[in-house]
Amino acid sequence: MNEVELIIPLIIMVGALWFMSRSQKKQQQQRQTQLNQMSVGDDIVTIGGLHGVLSEINTEKGTVTLDCEGIFLEFDRAAVKTIKPNTSLPTSNVDDAETTDEEHNDTPEA
């Protein structure tokens, strides 16, 4: 075997390792961004499968407090697996919605 035949597999292996480390770093950055953006009211799932609503974030201790149907549990931030942002919309007044619909009705009533 000549030297070129030995170098090619080595170059391929180094390239594969570089690609894997790069993708792991990207995943770690995404997770850190996700943990930094969580806010009170978000739905949280822990690595143990516990579902709750984020009640408090303690940045000094690196913990979060979850409200699990009235029971408050404290976890390390690293225990958070999934974060669903709070998507509840503010409640609107029904009278305002009816007024808006009437204002946009251009057809005369008979």
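It should be emphasised that the depicted structure is a prediction, and the values quoted were computed from it without experimental measurement.
- Taken from CZ in Phe75 to CD1 in Ile44, the straight-line distance is 11.0 Å, to the nearest 0.5 Å.
- Between the CG atom in Leu10 and the CG atom in Leu6 there is a gap of 9.0 Å [rounded to 0.5 Å].
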* To do: With side chain to side chain contact (heavy atoms under 4.5 Å, CB included) as the test, would you mind laying out the steps for Thr82 and His51 before giving the verdict?
  => CA-CA 9 Å; Thr82 307; His51 294 249; over 6 Å; no
Return all side-chain donor-acceptor pairs below 3.5 angstrom for residues 60-71, not counting sequence neighbours, or 'none' if the list is empty.
| residue | atom | partner | partner atom | Å |
| --- | --- | --- | --- | --- |
| Lys61 | NZ | Glu74 | OE2 | 3.0 |
| Thr63 | OG1 | Glu74 | OE2 | 3.0 |
| Asp67 | OD1 | Gly70 | N | 2.8 |

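- Linking Ile, Leu, Val, Met, Phe, Trp and Tyr whenever their side-chain heavy atoms come within less than 4.5 Å leaves Ile83 and Val45 in two separate clusters.
- If you chain together hydrophobic residues whose side chains sit under 4.5 Å apart, Ile47 and Leu73 never meet in one group.
- For the residue pair Met38 and Leu35, the shortest heavy atom distance occurs at CG-O, 3.2 Å.
- Linking ILVMFWY side-chain heavy atoms closer than 4.5 Å, directly or via other members, places Phe72 and Val40 in two distinct hydrophobic clusters.
- Arg31 places a side-chain N or O within 3.5 Å of a backbone atom of Ala78 that can act as its donor or acceptor partner.
- Atom-to-atom distance recorded for Ile12:CD1 and Ile7:CD1 is 12.5 Å, nearest 0.5 angstrom.
- Annotation: the span from Gln27 atom CD to Arg22 atom CZ amounts to 12.5 Å, rounded to 0.5 Å.
- Note that OG1 of Thr59 is 10.5 Å distant from CG of Asn36, once rounded to the nearest 0.5 Å.
- Between atom CD of residue Gln28 and atom OG of residue Ser23 there is a gap of 10.0 Å, rounded to the nearest 0.5 Å.
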